[in-house]
Amino acid sequence: MNFNSQKYTYASKRKVVYGKKGMVCTSQPLAAQAGLDILKKGGNAIDAAIATAACLTVVEPTSNGLGSDAFALIWKEGKLLGLNASGMSPKEITVEKVKKQGYKKMPLLGWIPVTVPGAVGAWAELSQKHGNLPFETLLQPAISYAKEGFPVTPTIARLWEKSFEHYKKECTENIFEEWFRIFAPKGRAPFAGEVWNSPYHAKTLDELAQTKCVSFYKGALADKMDLFSKQTGGYLRKEDLKNYSPEWVNPISINYRGYDVWEIPPNGHGIVALMALNIMNGFNINVKCAETYHKQIEAMKLAFEDGKRYISDKRFMKVTTEQLLSQEYANKRRQEISDKAILPKHGNPYCGGTVYLCTADEKGNMVSYIQSNYEGFGSGIVIPDTGIALHDRGANFSLDETMENCIAPCKKPYHTIIPGFLTKQGNAIGPFGVMGGFMQPQGHMQTIMNLIDFYMNPQEALDAPRWQWVGEKKILVEREFPYAITEELVRKGHNISVEAESIDFGRGQMILRQQNGVFAGATEPRADGMVAVW
């Protein structure tokens with residue numbers, strides 16, 4: 001990819017960072033440096049990703065934790081591998097039981113949205129299959145920061161305060177007491193620059209290091225989760241944990257103007273980004289103007305409606321990824337785009353609070369990795385004396401029994417976390433990702449088009465002002481979004497709102513490998529992140 005010939009330039013707040021021997025990009029500087037230290041000790045990109053991910057559970061608990069899920073794309077020895085480390089719903093939960101408690105849609109808090117956490121399993125699996133260094137070595141930075149403490153960064157402090165205020169209002173039952181004891185010991189969220197530590201996290205991470213995570217699924221930590229769930233009306237059981245293992249999957253892709261864009265297949269919604277790009281493939285795009293933005297928005301709306309209708313645990317899906325990504329179906333959906341904003345509906349394809357990190361090493365191995373609690377700290381359930389905050393990923397299940405994504409025992413929910421990867425003619429270009437729930441496919445599409453259609457370098461591609469579709473004809477845009485284009489989009493029928501905060505527009509990172517072997521890394525100013533380079 002040529003970073004220098006640009007048809008459109010956005011004045012980035014940061015510059016691209018270059019390196020040759022290794023690189024780690026993520027949303028928190030201490031975690032990025034932890035990964036780089038592992039590379040310098042002889043670890044590969046996979047080792048660095050594990051160390052960074054483990055460290056992020058401590059230094060950025062507002063978005064991920066020991067009770068998270070994870071997905072990864074790994075480029076190693078000329079092949080791209082996919083790991084789906086999302087967990088299933090407990091064996092004891094049913095849609096009837098949820099409805100009997102009075103719910104008309106899945107809640108975000110409490111035991112009901114808790115599924116088996118997969119991130120810890122991902123660390124062990126990645127290390128065993130593809131790592132170089134001993135697993136205990138990889139978790140030492142996280143253990144040290146949990147034990148000794150670290151200064152909280154500004155963006156994370158804001159997210160922490162936001163979660164605290166929300167939990168203070170909503171989490172009034174006894175089952176949430178441990179969250180306040182662990183994450184708000186002073187009766188408030190920590191301030192930016194204030195040192196926070198958690199000996200319980202340190203103890204749990206040390207046990208994970210010594211047992212290679214077996215304790216989490218089959219040992220003492222599993223016993224603690226099982227006991228607390230039984231005592232407080234939860235559904236999670238040791239049997240659910242014991243039966244869990246991450247799943248190696250074949251990544252899915254589409255070719256976009258000569259580049260192959262890769263995502264993890266469903267139950268993740270990376271396919272939404274691919275469907276939108278597939279629609280855009282049929283348009284002649286060469287300038288950033290109101291018409292280009294309009295087509296992007298309409299393509300994303302159509303892709304998302306299909307995603308919400310059809311994505312589920314792959315065992316329950318009635319359509320295939322091949323059908324959803326077929327050229328025939330993309331052509332059919334493209335024809336629905338006119339010069340005015342539409343209210344999207346799903347089509348008929350039968351016609352044919354998350355953290356992200358990326359790593360690279362001198363041998364060309366690269367990792368695109370993402371793990372998440374889903375909403376902030378997750379379900380609000382923290383297992384006593386462990387620091388394990390359980391995610392609320394099951395909130396994405398439906399309670400509509402006619403839908404493929406309806407909650408059922410031992411089932412994976414529709415998943416929003418999506419790592420991305422770019423290749424060309426069988427060669428790795430590099431990993432990329434944009435955090436932020438349902439913003440993620442939208443961020444992926446906008447970033448990829450910035451790179452390929454508008455010849456931006458990685459930093460410009462991440463920094464450029466974003467839009468976000470949130471339903472019907474409503475579009476949110478960042479303050480930096482061009483006013484003249486906003487006005488034109490309004491005339492096309494879009495309901496535009498300018499947002500003061502940029503944090504909800506995603507927080508991404510990227511590493512691209514140039515033909516000379518040099519890595520070009522970027523992390524955007526919507527996060528506290530950095531590019532750690534060697």
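Given the structure is predicted, the values throughout are model-derived calculations rather than measurements.
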Take Thr232 and Trp111, measure what side-chain hydrogen bond (donor to acceptor under 3.5 Å, both in side chains) needs, and give me the verdict at the end.
-> CA-CA 9 Å; Thr232 56; Trp111 278 109; 2.8 Å; yes
Just do the side-chain hydrogen bond (donor to acceptor under 3.5 Å, both in side chains) check on Ser372 and His391 with the steps written out, would you?
-> CA-CA 8 Å; Ser372 172; His391 63 179; over 6 Å; no
Report the C-alpha distance between Lys99 and Glu96 in whole Å, list the side-chain angles of each, state the deciding distance to 0.1 Å, and finish with yes or no for salt bridge (charged side-chain N to carboxylate O under 4.0 Å, His left out).
-> CA-CA 5 Å; Lys99 287 183 175 180; Glu96 292 81 13; over 6 Å; no
Test Ile418 against His269 for side chain to side chain contact (heavy atoms under 4.5 Å, CB included), laying out the working first.
-> CA-CA 7 Å; Ile418 53 172; His269 72 168; 3.7 Å; yes
Hey, mind stepping through Glu165 and Lys162 against salt bridge (charged side-chain N to carboxylate O under 4.0 Å, His left out) and telling me if it holds?
-> CA-CA 5 Å; Glu165 293 299 327; Lys162 183 178 178 181; over 6 Å; no
Show the numbers, then the answer: is there a side chain to side chain contact (heavy atoms under 4.5 Å, CB included) between Gln442 and Phe304?
-> CA-CA 9 Å; Gln442 306 186 59; Phe304 244 130; 3.6 Å; yes
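The side-chain heavy atoms of Tyr200 and Pro384, taken from C-beta on, include no pair separated by under 4.5 Å.
Glu92 meets the salt bridge (Lys or Arg N to Asp or Glu O under 4.0 Å) test with Arg237; sequence neighbours excluded. Partners of Phe397 under the ring pair (Phe, Tyr, Trp, His ring centres under 6.0 Å) rule, at least two apart in sequence or in another chain, do not exist in this structure. Under the side chain to side chain contact (heavy atoms under 4.5 Å, CB included) criterion, Glu472 pairs with Leu343, not counting sequence neighbours.
Only one option out of Glu524, Glu480, Glu499, Glu478 pairs with Arg466 in a salt bridge (Lys or Arg N to Asp or Glu O under 4.0 Å); it is Glu524.
Of the charged side-chain nitrogens involved, at least one lies within less than 4.0 Å of a carboxylate oxygen, so that Glu178 and Arg181 count as a salt-bridged pair.
For an aromatic pair to be called close, the ring centres must be under 6.0 Å apart, and Phe377 with Phe183 satisfies this. Taking the six-membered ring where the residue is Trp, the centroids of Tyr293 and Phe481 are separated by under 6.0 Å.
Counting heavy atoms of neighbouring residues, nucleotides and ligands inside a 6.0 Å radius, atom NZ of Lys473 exceeds 12 of them.
For Val434 against Arg507, the heavy-atom pair with the smallest separation is CG1-N, 4.0 Å.
If you take CD1 on Ile381 and CE on Met225, they are separated by 13.0 Å, rounding to the nearest 0.5 Å.
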